[in-house]
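Letters go in sequence order (proteins before strands), and every chain restarts at 1.
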Number of protein chains: 2
Amino acid sequence: MPRVMTERADAVLALAGVFRTYGYGGASLAAISQHTGLGKGSLYNFFPGGKEEMAEAVLEQVAIWFQDEVYRPLRSPDRPGPERITAMIETVEWYFTSRQLVCLFGAFALGQERERFAVRIRGYFTDWIAALQAAFPEGIEDAGQLATDLVATIQGALVLARALDDPDVLKGTIERAYVVLADRLAH
Amino acid sequence: MPRVMTERADAVLALAGVFRTYGYGGASLAAISQHTGLGKGSLYNFFPGGKEEMAEAVLEQVAIWFQDEVYRPLRSPDRPGPERITAMIETVEWYFTSRQLVCLFGAFALGQERERFAVRIRGYFTDWIAALQAAFPEGIEDAGQLATDLVATIQGALVLARALDDPDVLKGTIERAYVVLADRLAH
DNA sequence: GTCTATACAGTGATAGAC
DNA sequence: GTCTATCACTGTATAGAC
């Protein structure tokens, strides 16, 4: 049983890479089978719901990762707010840079698969924005807007970094957005 | 001859809507035929290169529109720089709001069709960023970065507006980004 | 120039041998 | 539990009647 769980988890990791590379629609079962090293039979054994369940599992895995590595640290009172925000920025820079500059939720939000995964997509962004506000000082006006703006800029930086094929655009744009935000939070 | 050109142009407009709705991969020829009202024979008469040529024609049409309505006004010395920037913002807000909150170049940049249209995608964004800088006062340091940041924020606002299904996110985020930029430009 | 019919590859998904 | 063979279907693209 744990063996199976592990193998399924391994498959989910491989699936995430396939979806990042080919997109949801472009990830054919043939490509999935090839990149995961699993035959279609095995894939349907792990994911009886087919490709949609595979993508669901991937999105869930990514969401859990963000909960653990991004949202919870943002909410943790152990460190000062600004430190939590800079830590988040470093984390997501590393995360997306090491994952082909693709945010699966952002990509799915712009693709034809948007409606199918609408709930998860919405949750990913609302959770992120809410967690970010938790790292703000108290009494900030328009905290929701400021948090929204930073998350939006991160997503836009990913779009532009992909369009221009330049990872530096991601890093630079995000870090400048942080400076703007920190300035606003400090009044 | 002009008749044909007009009908092809009409087809391109309809095609743009189909690609916005279904994405590139999701836009089947059946759907295209249905939404354009043209049979496959007619479509291949207009676009011998098939779907790829259809998408090329759409991207070209959008690029020309942006050249005329966005980039050139940004460069026009007739009006003061800040006015040109606010005009651009109003234009693109209207444009994307009336087009399902989809920027085809941004969507293509995140999809599996990115490489196929890489040149056009890159040109769209570099032209936009360059034109925006032309509306800045002279001697601004990091003008390229500031312009990149605004374009990135617009794209990110589109991602978030789609993900949250809320057009107000587009409007609000863009307008706040303008305030930040104007403040930086004024020193 | 536009349509219908069709070719043929590739899709997601399933069945059954092992 | 994993594979191979195969299913029905849809995809793009083409051919040919009109």
Side-chain angles (χ1 to χ4, degrees), chain A residues 1-60 104 107-108 111-117 120, chain B residues 1-59 104 107-108 111-117:
Chain A
M1 176 85 105
R3 178 78 194 284
V4 172
M5 287 298 290
T6 303
E7 288 185 6
R8 198 192 121 114
D10 291 344
V12 171
L13 284 178
L15 283 167
V18 179
F19 285 128
R20 285 195 189 91
T21 303
Y22 298 99
Y24 179 74
S28 66
L29 287 192
I32 291 172
S33 177
Q34 193 175 349
H35 285 81
T36 57
L38 296 170
K40 293 185 187 180
S42 304
L43 287 170
Y44 276 90
N45 180 50
F46 285 133
F47 310 97
K51 199 162 86 162
E52 184 164 342
E53 187 172 338
M54 298 179 207
E56 281 281 1
V58 168
L59 293 183
E60 185 187 16
L104 283 173
F108 281 24
Q112 66 269 29
E113 59 275 13
R114 179 183 74 132
E115 286 159 34
R116 207 184 299 210
F117 305 105
R120 279 199 185 279
Chain B
M1 176 86 102
R3 178 75 193 286
V4 173
M5 287 297 292
T6 304
E7 288 182 6
R8 198 193 121 114
D10 291 344
V12 171
L13 285 178
L15 282 167
V18 179
F19 286 126
R20 286 196 189 89
T21 302
Y22 299 98
Y24 179 73
S28 68
L29 287 192
I32 291 172
S33 178
Q34 195 176 351
H35 285 81
T36 58
L38 295 169
K40 293 184 187 179
S42 305
L43 287 170
Y44 275 90
N45 180 50
F46 284 134
F47 310 97
K51 198 162 87 161
E52 184 165 342
E53 187 172 340
M54 298 180 207
E56 281 282 1
V58 167
L59 293 182
L104 283 174
F108 281 23
Q112 66 270 33
E113 60 276 14
R114 179 184 75 133
E115 285 159 33
R116 206 182 299 210
F117 305 105

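Atom CZ in B:R8 sits roughly 15 Å away from atom C1' in C:dG1 (whole-Å rounding). For B:F47 and D:dT14, the CZ to C1' distance is 18 Å, given to the nearest whole Å. What separates CG of A:N45 from P of C:dC18 is a distance of 20 Å, to the nearest Å. Going from atom CD of A:E53 over to atom P of C:dG12 covers 15 Å, rounded to whole Å. We find that OH of B:Y44 is positioned 12 Å from P of D:dA15, with the value rounded to whole Å. If you take CZ of A:F46 and P of C:dG12, they are 19 Å apart, rounded to a whole angstrom. In this structure, CG of B:L43 is placed 11 Å from C1' of C:dT2, rounded to the nearest angstrom. In this entry the distance linking CG of A:L15 with C1' of C:dG12 reads 15 Å, nearest Å.
Two residues are said to be in side-chain contact when any heavy atoms from C-beta on lie closer than 4.5 Å; A:M54 and A:L29 meet this criterion. Counting heavy atoms from C-beta on, the side chains of B:F47 and B:R8 come closer than 4.5 Å. For the pair A:L104/A:R120, no side-chain contact is recorded, criterion being any heavy-atom separation below 4.5 Å from C-beta on. Here the side chains of A:Y22 and A:H35 are in contact, with some heavy-atom distance below 4.5 Å.
Nucleic acid contact class of B:G41 (heavy atoms, under 4.0 Å, all strands): base. Using a 4.0 Å heavy-atom distance criterion, B:K51 is classed as a sugar-phosphate-only contact.
Pairing each heavy atom of A:I32 with each of A:L15, the nearest pair is CG2-CD2, 3.4 Å. Taking each heavy atom of B:Q112 and A:G26 in turn, the nearest pair found is NE2-N, 3.3 Å. Closest non-hydrogen pair, B:V18 versus B:A27, comes out as CG1-CB, 3.9 Å.
Applying a 4.0 Å cut-off to non-hydrogen atoms, the residues of residues 21-38 of chain A that approach DNA chain C are A:A27, A:S28, A:L29, listed by residue number.
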**Report entry** Candidate pair B:Y24 and B:K51, rule side chain to side chain contact (heavy atoms under 4.5 Å, CB included), full reasoning
**Finding:** CA-CA 9 Å; B:Y24 179 73; B:K51 198 162 87 161; 4.0 Å; yes
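Proximity note for B:K40 (side chain, C-beta onward) versus C:dG12, D:dT12, D:dT2: the nearest is D:dT12.
Aromatic ring pairs are classed by plane angle as parallel below 30°, tilted from 30° to 60° and perpendicular above 60°; the pair A:F108 and A:F117 is tilted.
The end-to-end axis angle of the helix from C:dG1-D:dC18 to C:dC18-D:dG1, rounded to 10 degrees and based on five pairs per end, is 10°.
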